[in-house]
Amino acid sequence: MLKINSGRTLYYGKGDVLVYRTYAEPLEAAPIPESPFVGEDNILFAHNIRFAVSGDALLTSFTDGDNAQLVATDSMKNFILRQAATFAGGTTEALLHFLAVRFMETYSHIDTVRLSANRIPFLPLPVPGPGGFLDNRLVYRRSYNDHASAEMKLARGAEGYDLDEAWSGLSDLQLIKVSGSSFYGFIRDEYTTLPDAYDRPLFIFLDIRWRYEDPQDAIHPEAGKHVPVQQIRDIAQNVFYEFATPSIQHLIWLIGQRILIRFPQLAEVRFETSNRTWETVVEPADGLSSGVFTEPRPPFGFQGFSMTREDLIAAPEPAEGAVSSG
Ligand SMILES: O=c1[nH]c(=O)c2[nH]c(=O)[nH]c2[nH]1
């Protein structure tokens, strides 16, 4: 008999399932030095979810055209939307875990669920209150900026469900540092046309993902070890601000160091970055005087880097000559 567990790829599912859940569980977080973030109300808890299932029982739907074991992807979408109403948590990771477990409890022939989500951020708006401006809890502003993400695989195990390949993430962060970044000292040969840059306006796109030592920490924020995406974002921003950096490669090393120092519950951090350094049109006289720049032309450079706790070294001090004065 044909099997799927012989290295065969078999899955199907639904992507772009938009789930706008209101009044999810509020999230609290302990502050860290780089971030004022101490929690969010989760009044809008919105996600774009991709949900894929697999299992031996699905093989004949491919080989014989037998639909008897197929949950229509339209039903999958309805399942996700309706189950989201009963979700009692407040993190993206917990939502994915909940949906995958509920699906496998409902459909016993499904062996594995792989799912991922991008949070759709809605930002609170300050309104005048008695003692100054306060975030209101009715009107929010849709943001197209960086956002939380998560992905995981849930597999039916001997006892319950095994959680594998669980990653939390911050996607689509875009940061510009107007002065205090250099790039020089690289190989200079007959292929080199790029001039040395001692102070470039460094615009970068970053995707950061992290994995917990114990993946349950991502799902149970009440245990106090969930890492808020806002604090990862604020660490990235602050490290960029603090250090004069010689390359994006070294910048992400410094960001990774800080993340692993702040969050001992994390086992690994991964980066994917893209270099969008603005093209100089009118050169500034020095780092802090006016210049004119424009969008860079493709092709764009990129970096990928992963770091585990074994990479942790003593916390580096901000470099001499860092533009940021605090
Ligand atoms: O930070 C950078 N790293 C590179 O590897 C590189 N290569 C390049 O052309 N510009 C840059 N910038």
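Count residues from 1 along the sequence. As the structure lists them, so they are numbered: ligands from 1, and atoms in each ligand from 1. Only a predicted model underlies this, so the values are computations on that prediction, with no experimental measurement involved.
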task: Verify the distance criterion only: is there a donor paired with an acceptor across the side chains of Arg276 and Ser274 at less than 3.5 Å?
output: yes

- line: Ranked by distance from atom 3 (N) of ligand 1, the top protein heavy atom is Gln249 OE1, 2.8 Å

message: Does the plane of the ring in Phe103 sit parallel, tilted or perpendicular to the ring in Tyr107? Use 30° and 60° as the thresholds.
response: tilted

- line: Looking only at protein heavy atoms, what sits closest to atom 9 (O) of ligand 1 is Leu194 CD2, 3.4 Å

field: Set of residues satisfying side-chain contact (heavy atoms from CB on, under 4.5 Å) with respect to Asp16, sequence neighbours excluded
entry: Asn48

query: Nearest protein heavy atom to atom 8 (C) of ligand 1, by residue and atom, and its distance?
result: Phe183 CE2, 3.5 Å

task: Between Leu202 and ligand 1, find which residue part has any heavy-atom pair under 4.0 Å and reply side chain, backbone, both or neither.
output: neither

field: Close side-chain approach of Leu251 to Thr273, heavy-atom, < 4.5 Å
entry: no

query: Tell me: protein heavy atom nearest atom 12 (N) of ligand 1, and distance?
result: Arg200 NH1, 3.0 Å

- request: Specify side chain, backbone, both or neither for Asn275, according to which of its non-hydrogen atoms lie closer than 4.0 Å to ligand 1.
  value: side chain

Please output the side-chain donor-acceptor pairs of residues 66-75 that fall under 3.5 Å, not counting sequence neighbours, one pair per line with the distance.
from	atom 1	to	atom 2	distance (Å)
Asp66	OD1	Ala68	N	2.9
Thr73	OG1	Lys14	NZ	3.1
Asp74	OD1	Lys77	NZ	3.1

task: With heavy atoms under 4.0 Å as the rule, classify the contact between His250 and ligand 1 as side chain, backbone, both or neither.
output: neither

